[in-house]
Amino acid sequence: MTEAILEVEGLHKTFKGAVAVADVSFSLRPGAALAVVGESGSGKTTVARMIVGLERPTAGRITACGHDRSHPPRSVRERRRRGGEIQIVFQDPYSSLDPRQSPATAVDEILRLHTRLDAAGRRRRVAELADLVGLDERQMNVLPSELSGGQRQRVAIARALAAEPQILILDESVAALDVSIQAQVLNVLAGVRERTGVAYLFISHDLAVVRQVADEIVVMRGGSIVERGPTAQVLDNPRHPYTRLLRTSVPGPGWRPARRATRKETQ
Amino acid sequence: MSGILDIDHLTVTLAGEDRPKPVLSDVSMSIAEGEAVGLVGESGSGKSMTVRSIIRLLPPGARMEGNIRVRGVDLGTLRGAALRKMRAEMPVIFQDPRAHINPVRSVGDFLTEALRIHRRMSRAAAEDRAADVLDEVGVSEARRRLRQYPHELSGGLLQRVMIASALLAEPRLLLADEPTTALDVTTQAEVMAVMDELRRERGLAMLFITHDLELAAAICDRTAVMYAGRVMEVRASASLLERPLHPYTAALATARPSIERKVDRLTTIPGRPLSAFEAPDGCAFNTRCAHVRESCREQRPELRTLLDGQVACVRVEELQAVSHD
Amino acid sequence: MTATSVVRARAGARAGRGGLGPLGVTAATVIAVAVVLAAIGPELASADPNASDFAHAYGPPTPGHPLGYDSQGRDLLARLLTGARTSLLGPLWVVALGMTAGTAIAVVAAWRGGWLDSMVSSVLEVMFSFPGVLLAMLVAAVFGPGLTSAVFALAVAYIPYIARLVRSAAVAERHKPYIQALEVQGLGAFTICLRHLVPNLLPLLAAQATLFFGYAMVDLAIVSFFGLGVQPPDADWGVMVASGQSGVLQGYPAESLLAGGCIVLLVVAFNVLGERLSDGRRVHRPWRLFRRGGTA
Amino acid sequence: MTAYLIRRAIMLMVTLLVSSFVVFTGLSIAPGNPLATLAGGRSLPPESIQVLVERYNLDEPFFIRYAMWLGNAVQGDLGLSITLRQDVSDLIASRAGTTIALIIYATVIVLVVGVAFGLLAALRPGLVDSLVVIATAVVVAVPPFVAAIALIGIFAVGLGWFPALGGGSGFWDGIRHLTLPAFALAAAAAATVARVTRTSVRRQLHLEHVQTAVSRGIPYATVVRRHALRNAAIPISTLAGMTVASMIALSAVVERAFGLNGLGAYLVSAALSKDFAVVQGISLVLVTAFVLVNTLVDVGATMLDPRFQLGRRS
């Protein structure tokens with residue numbers, strides 16, 4: 001078994017006394033795809049934000065590519081190095097891009113930061129990345145307002161990959177897309193992983209999408225992990241009652257919504 | 001044939017920036033008493049506009065052609081009090097209850113307003129009714145809820161309040177516009193269960209709008225698929241999912257990943273969903289269809305009766321023959 | 001490359017279209033004309049704005065003096081044109097100082113958040129307790145009347161208003177994914193603010209600056225009307241309204257009316273333009289669909 | 001709710017304390033020694049100097065002086081006017097009535113006229129709306145002193161309906177004398193309130209919850225009254241309150257233009273004649289009034305909104 005590329009141990013986060021994440025631990029191997037599954041309030045997004053450094057853990061340790069990142073970076077160099085290790089793609093394609101910047105310029109800006117390529121080299125790399133996520137030259141050179149949600153999300157993926165990260169966090173990255181667009185982006189993600197060997201940490205509430213993307217799953221509820229294991233095993237034979245509930249709540253052929261008389265929702 | 005709701009050749013055009021913008025193009029469908037019909041489509045397909053046309057809640061400057069009849073009454077002829085009465089009998093359950101319920105009035109006020117105005121019920125009597133229905137939709141401590149304000153309730157609870165307010169109107173037809181899209185999947189299952197159960201108990205007809213083909217198929221008798229402001233296919237739900245006839249329906253069904261198994265690559269539809277105003281000549285789907293022929297670009301296919309429903313595709317028979325070989 | 005620039009140009013044209021509208025363009029034209037007149041006007045006027053000739057007191061228009069004379073027999077046109085310069089330069093300084101300081105404070109507070117943000121908010125809250133005109137009077141009392149003290153006083157008094165507006169926009173922008181993506185990439189805070197955050201606030205800043213220019217014009221004119229701002233005999237529209245008041249009572253309203261009319265016209269123009277600019281900021285988005293679930 | 005009120009009360013006290021400090025410090029940072037500043041550059045006889053030194057504790061350190069000044073101010077002793085040799089408090093008391101009457105009169109105009117025209121424009125799209133929008137766009141830009149001059153020119157000099165200057169005597173005569181000043185003061189503020197009323201009501205009418213009510217078959221008039229107006233009342237009252245508060249400082253403008261014997265006019269002449277004790281005293285009174293009105297309005301608007309437990313709206 002290879003060494004983990006991302007290691008999360010005993011992660012805690014409280015917001016003004018309210019526990020958002022409690023004792024979360026997991027690890028991600030190079031090139032693997034791990035899904036963090038949960039509903040709103042499960043703490044899955046907070047975990048992602050702590051890993052990329054947008055939120056400070058109350059307690060616990062995060063190690064990525066052999067470097068600790070539980071604390072804010074101490075230098076400009078360290079901050080940039082972290083950028084080269086983990087990148088993130090967010091949910092909302094409409095606010096994920098600077099509205100004043102064309103995709104090509106946005107990717108170019110990242111290349112300037114992380115590589116020593118000259119102008120011609122950067123142009124080549126921008127074209128490569130565009131090809132990787134399936135965008136043409138015209139689309140790379142218009143303003144984001146001219147692009148559809150799916151196209152913007154591809155730009156966000158290309159921009160994240162420009163730093164050549166080892167880990168890509170996808171925080172509900174396909175949740176806001178139409179079904180036909182979602183399928184395109186999921187295929188792009190599959191292709192990217194095959195061609196670059198980047199590892200995915202896939203944050204999602206959608207079990208069907210998770211089945212398509214991830215090798216392994218951790219299921220979160222109320223800030224803690226309730227079940228973990230290989231995707232097929234967890235989805236086909238869920239052990240925890242909550243995972244079973246999630247599984248049976250998904251509409252499908254022969255699905256009949258059932259009223260659970262035992263649990264009336266209370267505020 | 002006259003059902004509880006009949007939509008005939010409905011075309012809706014909004015006032016655009018430089019020119020009028022069609023959003024619905026020749027939509028026809030009908031719902032029988034007690035029947036649930038799903039309306040499925042991606043963004044811009046016109047499914048919400050269909051609901052808005054039914055309750056005549058279109059943006060200013062919108063033009064409507066064709067007609068909509070509710071139990072035989074042409075809605076276009078209704079004005080003033082008669083229109084209000086008809087609206088009161090066709091409540092809409094909207095997607096985002098937090099935006100659709102007045103934040104500065106109490107839940108009780110929201111629930112009893114229509115009763116007090118339309119039925120001239122006293123506040124106390126209306127509150128009794130409201131509390132009963134809240135209890136029915138599975139909201140605990142109904143009396144206390146009536147005194148609370150929308151911001152004090154979770155999204156799932158608030159959507160139940162919305163459903164309760166719809167049921168209080170004692171309608172024959174429910175209009176539901178993506179009622180569970182903003183909810184968590186487990187909450188969705190519960191809210192759907194409540195809606196489904198109460199609808200069947202009371203024998204209500206329902207027009208159910210969603211982007212989720214499987215959800216629609218699971219709870220509706222028939223399902224209609226819309227694309228670019230047109231109806232592409234209307235079929236009995238089970239057979240629509242099992243054997244979609246229209247290439248768009250088929251593509252939509254396979255584009256969605258399955259919870260049962262992983263595939264190497266999903267079958268995708270190239271391009272993005274088009275809105276009615278961007279639709280090409282001929283079949284609206286012809287720019288994305290894998291089976292497109294010259295004839296698809298020339299003439300718009302009519303909705304034809306076939307098997308257990310209707311389809312708008314000229315190549316259905318050929319394609320079915322191929323897939324069965 | 002050419003293909004790219006063509007596409008860019010088209011994108012730019014689209015962004016520009018539907019921007020100001022005929023009213024906005026009219027307002028912008030009025031302002032442009034006023035600016036040009038303020039710049040070259042005093043040279044255009046044939047008469048000396050401060051030369052008085054009591055023989056012409058309240059005199060009607062004569063050839064070469066198309067607007068007539070004031071109570072001291074000074075040429076009204078010359079005084080209006082000279083007054084345009086102080087009346088426009090004063091607000092310009094107020095807006096420049098107030099916007100710069102207010103924006104800087106707001107962006108820093110929004111970016112850092114936490115205790116710094118709450119402290120800045122509290123300080124701004126206290127600063128709200130001084131109406132601009134009152135502060136200007138206080139400053140004039142202490143440092144003596146004059147345009148400079150009035151400009152500084154008003155700039156300071158506007159800071160809380162500007163900073164509060166900009167702060168809420170900056171906070172919203174700061175939490176948008178594109179800014180956070182840049183943070184994750186490892187870009188420095190200063191670079192992100194300078195290259196991304198502030199440029200994206202520019203439409204809002206431009207609209208606010210335009211609106212505040214109008215307010216500053218009125219407030220400075222008030223201070224001058226009190227005799228605490230621009231000092232006579234220097235021409236200024238506020239001063240002219242005040243000095244014309246006795247004329248109004250005697251049935252010679254020309255001076256007050258003309259100066260007041262200039263103020264109103266320009267303030268209307270600045271208000272209209274400012275409103276048009278902030279309307280254009282509303283980004284029209286195709287409807288967004290958020291699936292169930294969402295973020296934790 | 002109690003916690004909120006306590007927080008607002010503390011905030012109010014802090015704000016008043018800081019503003020009093022600013023008002024007091026203004027005097028001390030003035031060039032030259034405090035005595036010269038107080039004297040406003042006049043040469044005073046030794047006995048007057050002695051009075052000033054005692055009255056203002058000029059031989060004490062700065063903070064002690066501030067504390068004593070504030071202590072006296074709280075007890076109603078605001079010092080001595082150099083020019084009139086009278087207690088500032090007495091001077092203020094004798095002039096406050098005019099200013100208060102003027103502001104109340106103007107407030108009534110702002111609320112009645114502003115809200116009425118705003119509602120009219122919001123509920124009658126088309127010609128009526130356009131007329132109100134154009135008229136308010138112009139009136140909003142009319143500074144109170146220009147409005148004052150215009151009103152004097154038309155209604156006093158031209159038509160002779162109202163007196164141009166002075167305060168009048170007796171209640172009805174006083175009202176007559178205050179009418180033009182009140183309208184001059186209220187004009188721009190009323191236009192502002194009308195515009196805000198219009199946009200707030202319009203915005204509410206386009207909101208989803210209003211559409212729900214319409215889709216439920218509620219009569220339009222009821223929808224407007226129970227939903228649009230009720231919800232718009234929150235932003236309207238906040239802004240109307242702020243506008244009324246801003247008239248406190250602007251009252252000086254119309255008082256001066258109409259030769260009214262009020263606080264503001266006196267503040268201006270005191271500032272011009274460097275009568276510092278008066279400037280300090282009136283500034284303190286006006287700032288306190290401004291802060292109080294703003295706080296009351298803010299608290300009131302918050303109470304109107306049942307969501308206020310969620311914290312301050314931005």
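Below, chain A is the first sequence line, B the second, and so on; all start at residue 1.
- Under the side chain to side chain donor-acceptor pair (under 3.5 Å) criterion, Y158(C) pairs with D219(C), sequence neighbours left out.
- Interatomic distance, L267(D) CG to L134(C) CG, rounded to the nearest 0.5 Å: 6.0 Å.
- Interface remark: A252(D) contributes backbone and side-chain atoms alike to the contact with chain C (heavy atom separation under 4.5 Å).
- Within 6.0 Å of the CZ atom in R203(D), the count of heavy atoms belonging to other residues, nucleotides or ligands does not exceed 12.
- Residue contact with chain C, scored on non-hydrogen atoms closer than 4.5 Å, is absent for A150(D).
- Contact annotation: the side chain of P143(D) approaches that of I263(C) to within less than 4.5 Å [non-hydrogen atoms, C-beta and beyond].
- We find the CE-OG1 distance between M127(C) and T15(D) to be 12.5 Å, quoted to the nearest 0.5 Å.
- Residue contact with chain C, scored on non-hydrogen atoms closer than 4.5 Å, is absent for L16(D).
- For chain D, the option among V272(C), N271(C), I222(C) with the highest count of heavy-atom pairs below 4.5 Å is I222(C).
- Only the side chain of V133(C) comes within less than 4.5 Å of a heavy atom of chain D; its backbone N, CA, C and O stay farther away.
- Taking CG from N294(D) and CD from E125(C), the interatomic distance works out to 9.0 Å, rounded to the nearest 0.5 Å.
- Most heavy-atom pairs under 4.5 Å with chain D: of the set V218(C), V139(C), L23(C), this distinction falls to V218(C).
- Both the backbone and the side chain of S283(D) come within contact range of chain C, each with at least one heavy atom under 4.5 Å from a heavy atom of that chain.
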